[in-house]
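Here is the structure we will look at.
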Amino acid sequence: MPQSSDYLIELKGICKAFPGVLANDDIDLKIKAGEVHALLGENGAGKSTLVKMIYGILKQDAGTIHFNGDLVDIKTPAIARELGVAMVFQHFSLFDSLTVVENISLGMDHSSDLATLADQITELSKRYGLPLDPHRHVYTLSVGERQRIEIIRCLLQEPKLLIMDEPTSVLTPQEVEKLFVTLKRLSEEGMAILYISHKLDEIKALCHNATILRLGKKVGTVSVADESTQSLAAMMMGEELKELKHPEAVELGDTRLEVKDLSLPADDPLGISLRNINLQVRGGEVVGIAGVAGNGQDELLRALNGEQRTLDSIDSIELEGKAVGKLNPNSRRVNFGLASVPEKRLGHGATPDMSLVDNAFLTAYQHLKLLKNGLIDYAKTRQFAEKIIADYGVKTPNSDVPAGSLSGGNLQKFIVGRELSQNPDILVIAQPTWGVDAGAAQTIRQAIRELAAKGAAVLVISQDLDELMEITDRIGAICGGVVSEFYPTSEMSIDKVGMLMAGVSLEEGVSDVA
Amino acid sequence: MDILIAAILTIITAATPLLFAALGELVTEKSGVLNLGIEGMMIMGAIIGFFTVHQTDSAFIAIIASMIAGALTATIFAILVLKFHASQVPTGLALTIFGIGLSALIGQSMIGVAYEGIPKIAIPGLSSIPVIGDIFFNQDGLVYFSIFMVVATMWFLNKTRAGLILRAVGDSHDAAHAMGYSVIKIRFLATLFGGAMAGVGGAYLSLAYSPLWVEGMTAGRGWIALALVVFASWRVGRVLLGAYLFGGITILQLHAQALGIAVPSQIMSMLPYLATILVLVIISRDKSKIKLNSPASLGKAFHPSR
């Protein structure tokens with residue numbers, strides 16, 4: 001058996017099946033020490049499944065893993081950590097009610113006392129420019145700070161291979177830059193980094209090589225320097241992406257959605273209080289609110305769609321010029337043609353245990369007249385559900401499966417499709433394409449633009465800056481429950497929106513730079 | 001003065017079973033398992049303890065047996081809920097009904113049998129201090145044990161790594177699983193501990209509080225213990241405080257009658273339960289307090305993806 005190898009880790013012929021899907025089909029992957037290797041693919045391509053096997057959370061059905069030339073059987077995360085593999089998860093594995101140092105201690109196999117550990121954390125955080133107070137409780141921290149906990153936890157183990165699963169999806173552009181500086185430094189110190197993403201710009205900026213997965217199969221491994229973002233995209237999707245067609249400029253109508261000085265204290269200590277929010281959306285325009293998750297987007301959407309009524313200040317939300325603070329979601333939907341797509345799909349956007357047909361009925365029955373003499377017209381409802389499934393490419397065996405059994409992206413397509421197909425007058429939509437594959441995402445964006453072209457007022461709340469820059473007419477950001485000024489999207493850059501997302505107003509921001 | 005000492009002494013005996021049961025449930029809930037079967041586990045401990053003391057004449061063996069009985073009853077719950085993913089709330093309710101029924105069956109021959117009660121242990125020196133000595137240092141072994149368990153649980157949850165892991169599992173089982181901790185095993189052990197503590201709490205009723213066997217003698221104390229955990233907002237020190245507070249309310253009814261206060265006895269016997277409801281309503285008003293201290297995964301089934 002060879003004692004050393006050119007490669008730090010070598011995967012050969014990895015296969016993993018889940019009921020109904022082959023998530024990984026004969027995947028090879030090789031990474032050298034000090035290399036930043038991208039694992040590129042759309043949602044559902046099998047990236048997360050593959051790295052979970054490297055980290056010992058899942059077990060491969062077939063195939064081998066060599067580490068430093070030795071055949072290894074990674075049965076548990078503890079074995080992976082022993083080998084020198086560390087992983088920063090996409091959804092952080094953090095415990096909200098514990099402190100930073102307690103959280104980190106839980107991820108260490110060799111327990112040391114908390115005081116020593118706290119000192120180590122402080123030292124590492126200084127060395128790599130990742131400021132973090134070890135004694136804060138996690139629930140008080142921002143998402144960016146939470147990610148730092150994960151990174152420092154990994155670094156404390158002095159890993160040889162660091163796996164990062166979509167680390168930038170929760171960061172502002174400025175935070176992303178800082179993260180990249182840290183990662184490049186680690187790579188120069190000889191650490192191998194497996195970087196999972198579907199954002200091509202990041203991969204161009206950071207990675208040496210990229211392995212591309214599509215639908216569970218490996219498309220190829222390429223040197224990033226030799227490829228353009230377009231060629232990477234083509235490999236990732238298997239087709240060229242259609243350009244978004246901007247419909248002809250439409251004449252803006254009256255203000256259909258207006259928020260005046262809305263303040264809403266959080267009823268939950270982990271929630272965000274909304275403070276003095278002002279915004280208007282006129283008929284025919286798409287307005288975007290950017291922001292890192294957990295800055296009040298959920299709370300704002302709930303106030304707008306009526307899930308959380310604003311009884312203390314009834315006048316602060318107006319639809320078509322009428323105060324609606326007292327109205328529940330259904331009356332806002334029926335009387336004002338308001339449709340909403342909440343970020344939380346299960347339990348807010350859809351009822352998980354009910355079928356797609358039933359879920360289609362729930363928000364559409366009045367507009368589409370799905371009631372016949374007070375009884376549900378199932379034939380018509382089914383027709384509607386099946387039309388959504390066909391139009392938005394929802395992958396499902398049939399329309400009778402429970403909504404909760406669909407994958408996140410598929411359910412998202414169904415919910416967005418259900419709301420958009422009803423031609424609402426006002427649409428409030430959060431993370432419209434979260435988890436949706438690129439082709440369907442384009443369909444959704446196109447449909448949003450077309451809806452606005454018909455005179456509807458659309459408010460999009462999203463973390464995806466590229467998307468907001470593409471589909472909105474005006475853009476602002478939310479940070480800590482405060483919404484910034486709005487600016488015409490054509491005059492904005494990603495950096496400027498990033499500043500808004502960090503709570504810096506553009507006037508002071510500009511003077512700071514100058 | 002003597003009346004006061006007598007009152008305090010009875011408060012301690014009324015509080016101790018609540019303290020045991022609530023302490024066990026607190027640890028169980030901290031791991032994320034909501035076991036509503038405390039009443040059933042308590043009464044199993046009560047009958048098995050009483051039965052054993054008659055077979056062996058040893059209070060010590062009887063107490064150990066009651067802990068085992070409580071833990072075994074909890075095992076049924078743990079297997080159903082953790083292995084077969086049964087819903088925790090109805091399973092816990094079923095466990096209560098099951099325990100009350102089974103204990104009645106076992107206890108048929110025990111009705112009317114007498115027992116002199118477990119012996120008091122006077123701590124040499126300290127017990128001769130006037131007033132305090134009698135109250136605090138001339139108690140039966142279980143009272144000392146209950147206080148010891150409060151300190152031990154506090155130390156375990158807050159100072160040990162195992163305690164940290166247990167709290168972590170209760171906070172986010174998915175994250176704990178991703179780090180390689182065995183969620184099911186930890187919850188299983190925590191549930192067994194809860195059962196053993198409920199068992200000894202039950203045994204305290206049949207061996208010390210009123211040393212005899214009566215069907216359904218726990219009389220809702222399991223539910224009060226459950227409420228105590230919420231009242232204490234999942235903090236050990238407050239469980240101690242709460243148990244003595246509720247013990248005091250329970251005793252109040254007896255002494256009120258002795259003092260000739262003209263309130264119908266039925267209303268007085270309602271007091272502990274009324275107080276429970278009242279306290280829960282007051283505590284629940286402050287959502288943030290509940291949110292911050294309650295284990296975030298409480299009552300949620302865990303399905304590992306492997």
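Lettering follows sequence order; numbering is per chain, from 1. Only heavy atoms go into these numbers, but all of them, side chains included; no hydrogens, no water, no symmetry mates.
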Let me know if B:Ala168 has heavy atoms under 4.5 Å from chain A in its side chain, its backbone, both or neither.
->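 Backbone plus side chain of B:Ala168, per the 4.5 Å heavy-atom cut-off to chain A.
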
Taking everything shown except [X] itself, do over 12 heavy atoms lie less than 6.0 Å from its [atom1]?
X        : atom1 : result
B:Asn158 : CG    : yes
A:Asp73  : CG    : yes
B:Tyr144 : OH    : yes

Report yes if some heavy atom in the side chain of B:Ser172 is under 4.5 Å from a heavy atom in the side chain of A:Asp96; otherwise report no.
->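 With C-beta onward as the side chain, the pair stays apart.
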
Drop me the distance from A:Phe95's CZ to B:His173's NE2, to the nearest 0.5 angstrom.
->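 Rounded to the nearest 0.5 Å, the CZ-NE2 separation comes to 11.0 Å.
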
Would you say B:Arg161's side chain and A:Asp113's backbone share a donor-acceptor pair under 3.5 angstrom?
->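 Pair absent, no side-chain N/O of B:Arg161 close to backbone of A:Asp113.
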
Closest approach of [X] and [Y], non-hydrogen atoms and distance?
X        : Y        : answer
B:Arg167 : A:Leu98  : NH1-CD2, 3.5 Å
A:Arg81  : B:Met179 : NH2-O, 2.9 Å
B:Asp171 : A:Ser97  : OD1-OG, 2.9 Å

